[in-house]
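Note sheet for the following structure.
Indexing begins at 1, ligand by ligand and atom by atom, following the structure's order. Excluded from the calculations below are hydrogen atoms, water molecules and symmetry mates; all remaining heavy atoms, backbone and side chain alike, are included.
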Amino acid sequence: MSRSQALFAQARRYIPGGVNSPVRACAAVGCEPLFISSARGGTITSVEGDVYIDLVQSWGPMLLGHSHPEVNAAVRAAVERGTSYGAPCEDELRLAEMIVEALPGVEMVRMVNSGTEAAMSALRLARAHTGRNKVIKFEGCYHGHADAFLASAGSGVATLSIPGTPGVPPAVVADTLLAPYNDLAATEAMFSVYAKEIAAVIVEPAAGNMGLVPPCPGFLQGLHDLCDAHGALLIFDEVITGFRLAYGGAQTRYGIIPDLTVLGKIIGGGLPVGAYGGKREIMSRIAPGGDVYQAGTLSGNPLAMAAGVATLSLLRQSDYPALENRVESLCRGLEESFAGRGLPVTITRLASMFTVFFTASPVTDFSSAKQADTACYARYFTHMRSRGVFIAPSPFEAAMVSFAHSDAELAAVVAAVVSFAG
Ligand code: KE4
């Protein structure tokens, strides 16, 4: 029994499923998880001392790579000044200023501790601002585990084939309307029935929780126009895409300005941070200035703010197009390798994210993503891990490449596929 296996057996006695987030248990790919002892740049090291090229990157936050020396230094300096004040600190202001400066749709921003908290708070605010209750979300998109969003969610909910989830009262999801991703006609049909009841449309501007599914041309603009026409708010969930698709996120890359933006992952540089922001007129409704309550003991935590400020400071001067070109050639190499193995794959790629779907058909929404051969993906995961490459233990996630991945590491990812029999 390996040390990871022993630790996992012990962890299952004290932690549900032995993990603090379901997808980490690797159940969907029929493996047990590795316990990680350290991470640096594009790699992670297991407690057995084995080094893996890491394409999970903590599910997105580590765009600079693990243990970036300047981020670590900022956190080390912050920890010497205390770990939590429960009062404002300067880095909260600095991070807020950086987010507002980067995202055209954000004039004011509130820090929270996770993407879940950010999305649920944005929905509460949208409902307060419009005086309406319904929200449209898209099948396969994941906005965290707040009750209202656990209807046909992606990520871990899709991975574990949990239909909705017990414990969520039907009354709560009764106001959650579902449409297929990239289906503007279905969304328009919802508005024709519920126009005056819809508070918001929440969307991943590029979906990363059903595997990577980019928006079809016109989809995001169509959502923007529908919301404008019917007095609903457009919420971009940029927890994954924020500061990854571009320094200004999806809203800058696509030139579509949402009313509210949900953030997480990268803005915390690996520490627990979420945020929601938007137009001043809307955000001013948030307590204490406004009447919409939202709070958090560790919101704006000084360590997390220091990590976020250091991370965005480095990303602001990073060469996103160059990284995108490297990932494009990586995906071309993967396509050629799979073709060489006679394996039909559809690889979706956007900026520094990609997903290998084991299907020859195009993947444009959750139902087409689910048509892919998930058993083959499980074999692919096991094969890649045996060749020192750690990919997402779920076919419904996106691989993440960082600025720290070397050319040799990306070449090793392609080489690892060559011997995959499928
Ligand atoms: P957190 O509460 O996990 O910080 O963020 C929730 C969330 C919200 N919105 C989007 C678009 C997200 O992708 C997420 C969380 N992402 C998943 C992985 N795709 C988290 C991984 C996990 O649950 O362990």
Would you call Glu335 and Arg349 a salt bridge, taking side-chain N to carboxylate O under 4.0 Å as the test? no
For ligand 1, the residues whose heavy atoms come within less than 4.0 Å (ordered by chain, then number): Ser21, Val23, Trp59, Ser114, Gly115, Thr116, Tyr142, His143, Gly144, Ser155, Glu204, Asn209, Asp237, Val239, Ile240, Lys265, Glu397
I would like to know whether Ser4 and Glu48 meet side-chain hydrogen bond (donor to acceptor under 3.5 Å, both in side chains); could you show each step before the answer? CA-CA 7 Å; Ser4 285; Glu48 287 81 18; 2.9 Å; yes
Parallel, tilted or perpendicular: rings of Phe338 and Phe420 (30°, 60°): perpendicular
Audit row: His143, Val262, side chain to side chain contact (heavy atoms under 4.5 Å, CB included) steps and yes/no: CA-CA 9 Å; His143 306 293; Val262 174; over 6 Å; no
May I ask you to say whether Arg244 pairs ionically with Glu238, meaning some side-chain N is under 4.0 Å from a carboxylate O? no
Under 6.0 Å from the ring centre and within 45 degrees of the ring axis: does the NZ or CZ of Arg12 meet both conditions for the six-membered ring of Phe8? yes
